Amino acid sequence: MRWIAICTVLIFPLLALGDDPGMPPSIQDVKKQHEAQFFKMAGVVSVGIGLDSEGNQAIIVGLDRTRPETESSIPATLEGYPVVVQTIGTIRAQ
Amino acid sequence: MADDLNRIRSILNTHRRQLLDKANVVATGIGYKETGGAKTDRLCIVCSVKEKVPAARLSSQEMIPSAVDSTPTDVIQTGIIRALQVPTDRFRPAPGGVSVGHVGITAGTLGCWVTQNGQKVILSNNHVLADSNAADIGDAILQPGPFDGGSFPQDHIADLTQFVPISFQGEPSGCQFANAVISVFNLGCQVIGSNTRYQVTKIQAEDNLVDAAIARPLNPADINDEIFNIGPIQGTVSGELGMAIKKSGRTTGFTTGEIQQVDVTANVQYGAGQVAVFSDQLLAGAMSQGGDSGSAVLDDGNRLTGLLFAGSESTTIINRIENVFSVLGISL
């Protein structure tokens with residue numbers, strides 16, 4: 001009985017490691033979490049991970065054309081990561 | 001000097017046919033005589049040959065005389081001279097980077113030759129080799145593609161063997177539960193005499209990873225493992241942010257770029273208003289146009305990193321080669 005209790009005590013923290021509040025989420029996680037919301041906005045054609053003008057990792061949102069309304073509703077940062085909006089045009093199979 | 005040139009010109013005019021008729025000669029001209037690898041200031045008649053053959057193995061007929069009408073000759077090896085080929089031409093054997101297509105499409109690019117179960121096959125996009133899911137396995141693949149004059153059966157190079165279906169948004173759903181519910185609904189409509197019928201469509205199609213297909217050649221002699229204007233492939237590499245890349249394609253030929261985004265999810269338009277969502281893509285700057293689809297994308301060291309399939313005015317979208325290889329069960 002006691003070893004079950006010991007094992008539980010040892011294993012539980014391992015299971016909890018995944019969402020340790022002390023660890024900031026990775027940019028991949030943040031992008032994945034917010035991607036669906038971006039695609040609901042008018043004109044969003046892509047969401048990826050690239051670099052901002054200062055060379056920091058950033059979430060890049062691509063638009064089919066200039067869209068002031070969509071651009072104004074996209075935050076400048078998400079959980080500490082910069083968000084950059086780029087007008088890239090409609091993406092077509094070539 | 002000018003007198004010399006004119007005199008040799010008239011000598012060459014007299015003897016040109018006779019020189020070109022020799023088995024090995026591919027060109028004649030006037031140039032400076034080379035002696036022991038160094039250029040001299042003496043003009044001579046230069047005969048270009050496919051390959052230099054020791055005098056002992058030539059008959060006196062085939063031998064190029066050391067002088068013609070007292071003008072010295074020189075023999076240089078140039079190999080066979082061919083008209084410069086463009087990617088939309090017919091190639092046999094066919095390398096990567098040239099025009100290819102299913103009989104029912106315009107034209108795309110033959111990416112490269114890969115291996116499945118020990119057999120070499122052509123790798124390109126589904127929308128190039130399988131007409132965006134519309135093709136049947138065994139359909140004819142033409143090189144060059146139909147838009148570039150490829151026709152059946154003369155240019156039939158391979159048969160479609162496998163494609164990864166593209167999941168489009170708004171397609172009829174494959175969900176059995178939803179379809180069952182709706183058929184009950186439609187029965188109800190029929191009972192009450194309404195002409196309305198409902199159909200289940202996908203709101204959110206599954207994300208696609210690749211736009212890829214393979215085709216088996218009819219004749220192994222038609223395989224050229226290299227990529228036109230690039231050369232042999234030196235292994236594979238996983239695409240990373242900032243990586244310098246290049247491709248050789250049917251429309252824009254050899255171009256270079258840089259991976260600007262990874263982990264890209266993108267909405268891609270196919271022909272008549274069909275949209276497919278692709279995830280885990282690589283994004284580069286503008287380096288392709290319509291017809292370049294299917295191009296192999298390589299890094300600086302000629303290592304294969306992706307399969308080009310879409311783009312906008314300012315971007316190029318590329319499938320990761322590791323996804324292409326694992327979904328189709330292929331390797332280099």
Side-chain angles (χ1 to χ4, degrees), chain A residues 24-71 73-94, chain B residues 105-109 125-128 132 166 168-169 204 207 211 240-242 249-252 258-271 274-295 308-318:
Chain A
S26 70
I27 189 165
Q28 286 80 10
D29 290 339
V30 175
K31 179 217 154 228
K32 201 182 279 180
Q33 204 183 326
H34 294 86
E35 191 168 88
Q37 280 165 255
F38 286 134
F39 276 109
K40 283 184 194 141
M41 298 177 184
V44 172
V45 294
S46 69
V47 180
I49 296 172
L51 301 177
D52 68 6
S53 55
E54 272 126 54
N56 303 308
Q57 286 223 322
I59 296 169
I60 318 275
V61 180
L63 300 181
D64 60 349
R65 57 181 166 84
T66 316
R67 299 261 192 181
E69 211 163 295
T70 299
E71 285 175 58
S73 50
I74 293 175
T77 61
L78 270 178
E79 303 188 41
Y81 294 107
V83 181
V84 177
V85 179
Q86 287 177 355
T87 301
I88 65 168
T90 300
I91 301 170
R92 295 175 205 283
Q94 293 183 328
Chain B
I105 71 145
T106 52
T109 297
N125 295 137
N126 170 332
H127 80 268
V128 172
S132 307
I166 299 166
F168 293 103
Q169 282 185 319
Q204 186 69 58
D207 282 5
D211 177 344
E240 282 173 20
L241 215 48
R250 176 227 168 252
T251 309
T252 61
E258 186 193 302
I259 298 178
Q260 295 174 350
Q261 289 180 44
V262 294
D263 290 276
V264 176
T265 306
N267 286 340
V268 180
Q269 303 258 354
Y270 281 78
Q274 280 185 303
V275 176
V277 182
F278 283 80
S279 61
D280 197 17
Q281 303 301 301
L282 304 171
L283 183 150
M287 59 184 284
S288 64
Q289 282 171 23
D292 286 328
S293 267
S295 298
L308 190 156
F309 81 108
S312 69
E313 306 93 85
S314 60
T315 64
T316 301
I317 312 289
I318 302 159

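We use all heavy atoms of the structure for the numbers below, so side chains are in, but hydrogens, waters and symmetry mates are not. Chain identifiers are assigned alphabetically (A, B, ...) following the order of the sequence lines, protein sequences preceding nucleic acid strands; residue numbering begins at 1 within each chain. Bear in mind the structure is a predicted one, so any value in this text is a computation, not a measurement.
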Checklist entry - Would you say B:Glu240 has more than 12 foreign heavy atoms packed within less than 6.0 Å of its CD? => result no
Item to check | Winner by heavy-atom pair count (cut-off under 4.5 Å) against chain B, out of A:Gln28, A:Gln86, A:Glu35, A:Lys32 | outcome: A:Glu35
Next on the checklist: Just verifying a value: how many Å separate B:Leu283 CG and A:Ile88 CD1, rounded to the nearest 0.5 Å?
Outcome noted: 6.0 Å
Checklist entry - Taking A:Ser46 as the fixed residue, which of B:Val264, B:Thr265, B:Asn267, B:Ile317 is the one that meets the side chain to side chain contact (heavy atoms under 4.5 Å, CB included) rule? => result B:Val264
Item to check | Partner of A:Gln94 under side-chain hydrogen bond (donor to acceptor under 3.5 Å, both in side chains), chosen from B:Ser312, B:Ser295, B:Ser288 | outcome: B:Ser288
Checklist outcome for this item: Minimal heavy-atom distance between A:Thr90 and B:Gln269, with the atoms involved, is CG2-CG, 3.5 Å
Next on the checklist: Please classify the contact of B:Gln260 with chain A as side chain, backbone, both or neither, using a heavy-atom distance under 4.5 Å.
Outcome noted: backbone
Checklist entry - Nearest heavy-atom pair of B:Leu241 and A:Gln57: which atoms, and what distance? => result CD2-NE2, 4.0 Å
Next on the checklist: I'd like to know which of B:His127, B:Glu313, B:Gln261, B:Gln289 tops the heavy-atom pair count under 4.5 Å against chain A.
Outcome noted: B:Gln261
Item to check | Shortest non-hydrogen contact from B:Asp263 toward A:Lys31 | outcome: O-NZ, 2.6 Å
Checklist entry - For B:Leu308, is it the side chain, the backbone, both or neither that has a heavy atom under 4.5 Å from a heavy atom of chain A? => result side chain
Next on the checklist: With a 4.5 angstrom heavy-atom cut-off, is it the side chain or the backbone of A:Phe39 that approaches chain B, or both, or neither?
Outcome noted: side chain
Checklist entry - Taking all non-hydrogen atoms of both residues, which atom of B:Ala310 and which atom of A:Ile91 are closest, and how far apart? => result CB-CG2, 3.9 Å
